[in-house]
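Step one of this worksheet: look at the structure below.
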Amino acid sequence: MNNYTIGVDLGGTNIKAGLFDGDFNAVEELSLPTEAAAGPAHVLERIRLAVTQLTEGKGIDQQQITCMGMGIPGLLDPEEGLSIFSPNFPGWEQIHIVNAMKQFYDFPVYIDNDVRVNLYGEWQQGAGKGCRNLVLLTLGTGLGSGIVHDGKVLYGTTFSAGEIGHMNMYRQGRPCRCGSSGCLGRYVSAVGMVNTFKEKLLDGRSSLIQTWTNQDDGQITAKMISEAYDLGDPLAVEVMHETGELLGYGLANVINLLNPELIIIGGGMAAAGERLLGSVRGTVNAHALKLSGSKCRIVQAELGSRAGTLGAAVYADQRLNALK
């Protein structure tokens, strides 16, 4: 009888789930709307629906599932199985996800932060395969990150190690939801880059993007900035370079502190590719410690959106095996 592992990536918009065989090859994958506005109990029901559709569609019963891993955004306690707070989910506080799932499943369920399960995916099956010291950044609405040091994922005292996005870059910078200001993630995420672009427009600069949006700055996206960059739009080029330079300063600090052999850039902003990474690498080369910087590669993620479900399955398998 074949055994399988389930990986779930809980997002504010969609729940992605995957069924994987013993070698972590995808047997079945699906995506369902999260419907987060309906509350925590409804979201948990949606997760169970995703699991049901994964398994019943392949004629697989519970006895064939070894374990399930789940990537959950926000603050959590993976040892307790408790999601403490998730900012994009209304009413989502102190949700004991593992206990809720135990009522329905005989197999063990494990949770971890959504960025860390992405890290497990890229580390074990993607761009970081074979590395013992690496950092993953996900650049999207914000900046998420995870760290592998000497072959172990770093968690920290409160399971919140690796908050590179909250590294302070400006004494009096943009306010951040963490309560501080000037955080790196407020500038180098997709939202951050768009905000930089809008600030320059308010200062009287112009761009061909304004013709695409009919002067509606609210429609500007990071993808548009990349497209305008390719067309040689001076403002788009400037903003992309500034964003890459600031990210490079942040990563120079990370390299000096952690001495990784690899930094992986994932998330929606990774689509900018060398438009962004050229400036990142140039800044790192100029400002990181020479020996550390010369031994660290900066690359794009390989697995894309699949890193979350695959990484959740890998993480659960590792947690299960650690108990044997």
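Predicted, not measured: the structure shown is a model, and the values here were computed from it. One is the number of the first residue; the rest follow in order along the sequence. Side-chain atoms are counted along with the backbone in the values below, which use heavy atoms only and exclude waters and symmetry mates.
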Just to verify, which of Ile147, Val314, Val153 counts as forming a side-chain contact (heavy atoms from CB on, under 4.5 Å) with Leu119? Val153
Criterion side-chain contact (heavy atoms from CB on, under 4.5 Å) against Ile263, the qualifying member of Ile255, Val284, Leu134: Ile255
So does [Y] get a backbone contact from the side chain of [X], meaning a donor-acceptor N/O pair under 3.5 Å?
X      : Y      : value
Glu28  : Thr55  : no
His287 : Asn253 : no
Glu261 : Asn133 : yes
Asn14  : Thr34  : no
Ser145 : Ile164 : yes

Test: Glu302 and Lys129 ion pair at under 4.0 Å: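 Salt bridge between Glu302 and Lys129, a charged N being under 4.0 Å from a carboxylate O: no.
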Testing the basics here: between Asp233 and Ser207, what is the closest heavy-atom pair and its distance to 0.1 Å?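 Smallest interatomic distance, heavy atoms only, reads OD2-OG, 2.9 Å.
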Going by distance alone, is a donor N or O of one side chain under 3.5 Å from an acceptor N or O of the other, for Asp317 and Asn321?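 Looking only at side-chain atoms, Asn321 and Asp317 do form a donor-acceptor pair, the distance falling under 3.5 Å.
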Ring geometry between Tyr155 and Phe159 (parallel below 30°, tilted from 30 to 60°, perpendicular above 60°):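 Because their plane-to-plane angle is over 60°, the rings of Phe159 and Tyr155 count as perpendicular.
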Which class fits the ring pair Tyr110 and Tyr315: parallel under 30°, tilted 30 to 60°, perpendicular over 60°?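 Rings of Tyr110 and Tyr315: perpendicular, as their planes differ by over 60°.
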List for me each residue that meets side-chain hydrogen bond (donor to acceptor under 3.5 Å, both in side chains) alongside Asp230, sequence neighbours excluded, and say none if there are none. Arg275
Within the 4.5 Å heavy-atom criterion, are Val148 and Cys131 side-chain neighbours or not? no
Begin with the C-alpha distance, continue with both residues' side-chain angles, and end with the deciding distance and a verdict on side chain to side chain donor-acceptor pair (under 3.5 Å) for Ser180 and Arg186. CA-CA 11 Å; Ser180 185; Arg186 301 300 292 167; over 6 Å; no
What's the verdict on side chain to side chain donor-acceptor pair (under 3.5 Å) for Asn3 and Thr66, showing C-alpha distance, side-chain angles and the deciding distance? CA-CA 6 Å; Asn3 291 323; Thr66 59; over 6 Å; no
